[in-house]
J.: 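Before we start, here is the structure in question, set down as structure tokens.
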Protein chains: 2
Amino acid sequence: MSARDALLDAYQSLLLTEGQRATTLTAVAAEAGVSKGGLLYHFASKEALAEGLLERLDELLGEDLAEMASAADGPSRYYVRTSVWTGGALDRAFVAVSQLAQEAHAGAREAMNRARRRWLDLIREEVGEEVTAQAILLLGDGLYFDAALSGGTDPEREDVFSAMDLLPIVDRLLAAARA
Amino acid sequence: MSARDALLDAYQSLLLTEGQRATTLTAVAAEAGVSKGGLLYHFASKEALAEGLLERLDELLGEDLAEMASAADGPSRYYVRTSVWTGGALDRAFVAVSQLAQEAHAGAREAMNRARRRWLDLIREEVGEEVTAQAILLLGDGLYFDAALSGGTDPEREDVFSAMDLLPIVDRLLAAARA
DNA sequence: GTCTATAATTGGATAGAC
DNA sequence: GTCTATCCAATTATAGAC
């Protein structure tokens with residue numbers, strides 16, 4: 001793995017588990033096992049780190065949308081399935097960027113809205129009804145909210161959501177929308 | 001309004017619209033129209049501000065749960081209705097605290113989980129089924145996530161969620177759970 | 001490509017005047 | 001109860017050695 005990727009991983013991981021305030025250049029460098037100077041060779045500023053993360057999100061999102069569009073069980077089920085926290089690459093990038101968005105980072109807000117709009121487009125296409133599509137999008141948002149709150153990792157949680165349990169709910173919404 | 005409340009409002013408002021990083025003592029004092037020294041007379045530290053906000057949330061949550069439990073249209077509909085962003089006092093406090101929770105603030109995480117557990121309890125009582133209750137909670141979480149992303153205020157948004165539209169979805173879930 | 005040293009600025013907090 | 005002045009630590013970023 002390139003040093004650049006390792007630094008981006010460290011940045012993302014700290015955002016996820018410690019939040020913005022604790023995600024300092026010193027902390028990122030330490031997490032990645034390099035010095036601050038080393039970090040700044042690859043990313044000339046903190047903003048450059050943010051932009052790197054946004055690029056990564058867009059890349060992962062492209063792959064995700066392709067899979068979602070051609071998912072055997074349909075986009076809606078795919079979306080809810082994959083919104084349950086599994087610690088996957090896209091999940092991690094998405095929740096990390098959501099932290100930036102909450103700091104009023106314009107680029108991050110655009111990226112988040114872009115992602116959610118495209119997910120919603122695929123869901124709407126399948127469901128055929130706007131409000132049901134919104135509800136399914138919101139279910140996924142809720143799962144991301146939950147992940148963001150617990151820092152993406154909280155092994156002591158008792159009330160974890162399970163994809164297996166939630167999918168029948170999605171089926172009900174789909175069936176009702178078609179009826 | 002007491003100076004204390006004005007400072008707490010300023011703190012909450014900055015958390016909501018600017019995020020953690022921008023919510024400095026200087027910024028809070030300026031927003032409230034006092035000096036840093038003035039602020040620190042009422043709240044001896046930044047942590048004291050956070051604790052003040054948590055107290056406010058617990059207070060508002062108590063009122064909300066009482067209303068939710070006795071809502072004419074039932075707890076589930078009440079919950080989704082009131083999770084749509086209206087800029088109400090509880091909404092604002094909840095989303096502001098969610099920002100603290102994302103900074104791994106232990107007290108904030110506990111408060112959030114406490115709130116969500118109690119909301120879920122009331123919903124489960126009405127619905128009678130665990131997974132449907134979870135889905136309704138997630139719908140509300142999704143609405144909060146959306147609010148948190150846009151800083152609670154983004155008049156230029158085109159894709160705003162409406163309580164009127166979403167309530168039929170809740171009705172479907174309730175009906176299906178009872179069938 | 002990575003490090004150390006350091007500059008410049010900001011943030012949280014204290015002391016003491018009014 | 002509010003303000004100004006000030007201190008110290010932390011943070012971003014630069015310069016230059018290796």
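First the proteins, then the strands, lettered A, B, ... as listed; each starts at 1.
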J.: For Leu49(B) and dG11(C), what is the distance between atoms CG and C1' respectively, to the nearest whole Å?
T.: 14 Å
J.: Looking only at side-chain N and O atoms, does Arg172(A) offer a donor or acceptor that is under 3.5 Å from a partner on Thr132(B)?
T.: yes
J.: In residues 28-43 of chain A, which ones come under 4.0 Å of DNA chain C, going by heavy atoms?
T.: Val34(A), Ser35(A), Gly37(A), Gly38(A), Tyr41(A), His42(A)
J.: Looking only at non-hydrogen atoms, find the nearest pair between Ala101(A) and Ala108(A) and report the distance.
T.: N-CB, 3.5 Å
J.: Run the ring-ring contact (aromatic ring centres under 6.0 Å, His included) check on Tyr78(B) and Trp119(B) step by step: do they pass?
T.: CA-CA 10 Å; Tyr78(B) 174 93; Trp119(B) 280 326; 9.4 Å; no
J.: Quickly work out the Glu103(B) CD to dG12(C) P distance and round it to whole Å.
T.: 12 Å
J.: Could you check how far CG of Leu25(A) sits from P of dT12(D), rounded to whole Å?
T.: 4 Å
J.: In Å and rounded to the nearest 0.5 Å, what is the CG to CZ distance from Asp9(B) to Arg56(B)?
T.: 4.5 Å
J.: Looking at every heavy atom in both Ser83(A) and Leu143(A), which two are closest together, and how far apart are they?
T.: O-CB, 3.5 Å
J.: Can you find a side chain N or O atom of Arg4(A) that sits less than 4.0 Å from OP1 or OP2 on dT2(C)?
T.: no
J.: Just the rounded figure in Å: distance from P of dA10(D) to NZ of Lys46(B).
T.: 15 Å
J.: Rounded off to whole Å, could you give me the CZ-to-C1' distance for the Arg21(A) and dT12(D) pair?
T.: 15 Å
J.: Would you kindly say whether Gln99(B) and Glu103(B) are connected by a side-chain donor-acceptor distance under 3.5 Å?
T.: no
